[in-house]
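As the structure lists them, so they are numbered: ligands from 1, and atoms in each ligand from 1. Just so it is clear, the model here is predicted, and its values are computed rather than measured. What you see below is based on every heavy atom in this structure, not just the backbone, and it leaves out hydrogens, waters and symmetry mates.
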Amino acid sequence: MKIKLPTKSLAFRLAVLYGSLFLVATGLVFAVVHLILAHKLLQNLDQDLKEDVSEITTIYLRKGLPALKSLASAELAEEGPNNFFFRILDSEGREVFSVGNSVFKTLPWPDRASESPKFFVFDLTDSLGRVRAVVWRLGKHRMEMAVPLRFNQRILAQIHRAFLWAGAVALLISFPMGFLFAKRSLRQILEIERVARGIVDARDFSRRVPLSGRGDEPDRLAETFNSMLEKLDLYFRELLQIFDNLAHDFKNLLSHLRLLAERALEKRDPEEREELIVRILYESDRFLHLLNVLLDLSEAETGLLKLRRERFPVKDILEEVDQVFRELAVSQGLNFEIRYPDEDLYLFADRARLLQALLNLVDNAFKYTPSGGRIQVEAKRKGEDLVIKVQDSGRGISPEELSRIFDRFYRGRGPERGRGLGLSLARAYVEAHGGEISVESEPGRGSVFYIVLPQTLPVETTHPTKEIVED
Ligand code: ADP
């Protein structure tokens, strides 16, 4: 049977990573412990050998060879022939005396010996294994002594075995523990995935990921995810509302047009009929205008809006605003004032669209300022920029609304509701010119909207006067 590993699971990969790191770390610890222990054991053995060397030297000097031989024989009887080797050679290299397994004699003993003992490690090919040997000179004689390292190696082997068992058990425990731990840490991420899947399947944006309250990274991710869902939820509800409103507007407009056309068909009198056809044309134009606004907004937001720039005096568009609103101001009892710039300022811009942006601002000022109020439009140069200010003493805008009024389709809660497109269109047009639009407002006292456009031209300019340039 082929076992399929869950390599796509982050918890599994983390557990494997924990396990591997654990293996490497324990391997390193084992290696260091092994080196220290092996060194310590050899040191202890050398200490014993040094004591033996000094005892042998004392006996040799004080009591002579016979006493030394009997001491060596006694040691051999205690240790056994495989565990102790001692040999005395004369100055010619001939053996005078030896105890212990004769295989020790085959070791590559050095030819020369000095008075201070020299230590060696030799490998014996047979079962005796590694050997610690010491050689030194005493008077006319040369002493050779050797003991197997078997005992040290046995201790090390036992410790290795203990290490291996401990490592294997720890690894066996650490892998599932790591897996569980990783799974626990990832629980919230899995929860986010579950909620996201639920949203995709059920299209239900009201779902939320429960917070653990630990405030750690997954918890913060869950929090961000929830607030993103909240925003999306709001956005989609707004979008649905917008589609609803638009569909409603379109339906009303078309029904109205249809009704007018029906009535025109019924009319016998050509004058009455013409009047109705003119109204149909007027309503159709309004409808087309709305569609153009929507198209312009989409184009501006995707950066595809084409501007038809021309050079014209700033004064021109202010005069047009005056013409459009002068009568309305009188009929609504509003104090309407336009302040022209002191100097002859020119713009190189899309005249129609800039005028539209300005008309939208002034139109709002008229819509949201009660009779007896004051509306002022002012244009002046500020450094290289042109600033157009539209100020009213109307109802003002609450701080919560201020951040949203430039959003597409945002309409305030007041009774005088429009389509919620005026400001977004004004902003789109101004920004397409590289300008900025902003607002300051105080509820109950009025609002000031600013259009700031870069590159105001002085009277003499190198830009073309008539030619129309499309961006
Ligand atoms: P609308 O067609 O609703 O006027 P706008 O995009 O022009 O759409 O304006 C968005 C909202 O901003 C308005 O519904 C209104 O609540 C608020 N608003 C805009 N201009 C003013 C103003 N001069 N005074 C008070 N409120 C304003």
With respect to atom 4 (O) of ligand 1, which of Y368, F409, F366, Y410 exhibits the smallest heavy-atom separation?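 The residue whose heavy atom sits nearest atom 4 (O) of ligand 1 is Y368.
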Among G420, S393, A365, which one puts a heavy atom closest to atom 8 (O) of ligand 1?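 Considering heavy atoms of G420, S393, A365, the nearest to atom 8 (O) of ligand 1 sits in G420.
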Check each heavy atom of [X] against ligand 1 and say whether those closer than 4.0 Å belong to the side chain, the backbone, both or neither.
X	result
F449	side chain
D392	side chain
L423	both

Does the plane of the ring in Y18 sit parallel, tilted or perpendicular to the ring in F181? Use 30° and 60° as the thresholds.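 The rings of Y18 and F181 sit tilted, inter-plane angle from 30° to 60°.
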Between the side chains of R263 and E266, is the shortest nitrogen-to-carboxylate-oxygen separation below 4.0 Å, so that they form an ion pair?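 Here E266 does not pair with R263 in a salt bridge, since their nearest N and O are not under 4.0 Å apart.
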Set out, in order, the CA-CA distance, both residues' side-chain angles and the distance that settles side-chain contact (heavy atoms from CB on, under 4.5 Å) for F312 and L347, then state yes or no. CA-CA 6 Å; F312 61 92; L347 275 169; 3.9 Å; yes
Which atoms of ligand 1 are found less than 4.0 Å from any heavy atom of [X]?
X	answer
G396	25 (C)
G412	11 (C), 13 (C), 14 (O), 16 (O)
R411	14 (O)
S447	24 (N)
G422	5 (P), 6 (O), 7 (O)
K367	1 (P), 2 (O), 4 (O)

When you measure from the side chain of [X] to the backbone N and O of [Y], does any donor-acceptor pair fall under 3.5 Å?
X	Y	value
D350	L307	no
D204	I199	no
S424	L421	yes

Under the side-chain contact (heavy atoms from CB on, under 4.5 Å) test, which residues partner D322, sequence neighbours left out?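 Checked D322 against side-chain contact (heavy atoms from CB on, under 4.5 Å); matches are R326, F336, I338, Y340.
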Report the residues that fulfil ring-ring contact (aromatic ring centres under 6.0 Å, His included) with F250, sequence neighbours left out, ordered by chain and then residue number.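 Here the qualifying residues are F287.
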Compute the shortest N/O to N/O distance between N364 and ligand 1 and return yes if it is under 3.5 Å, no if not.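 Between N364 and ligand 1, an N or O pair is found under 3.5 Å apart.
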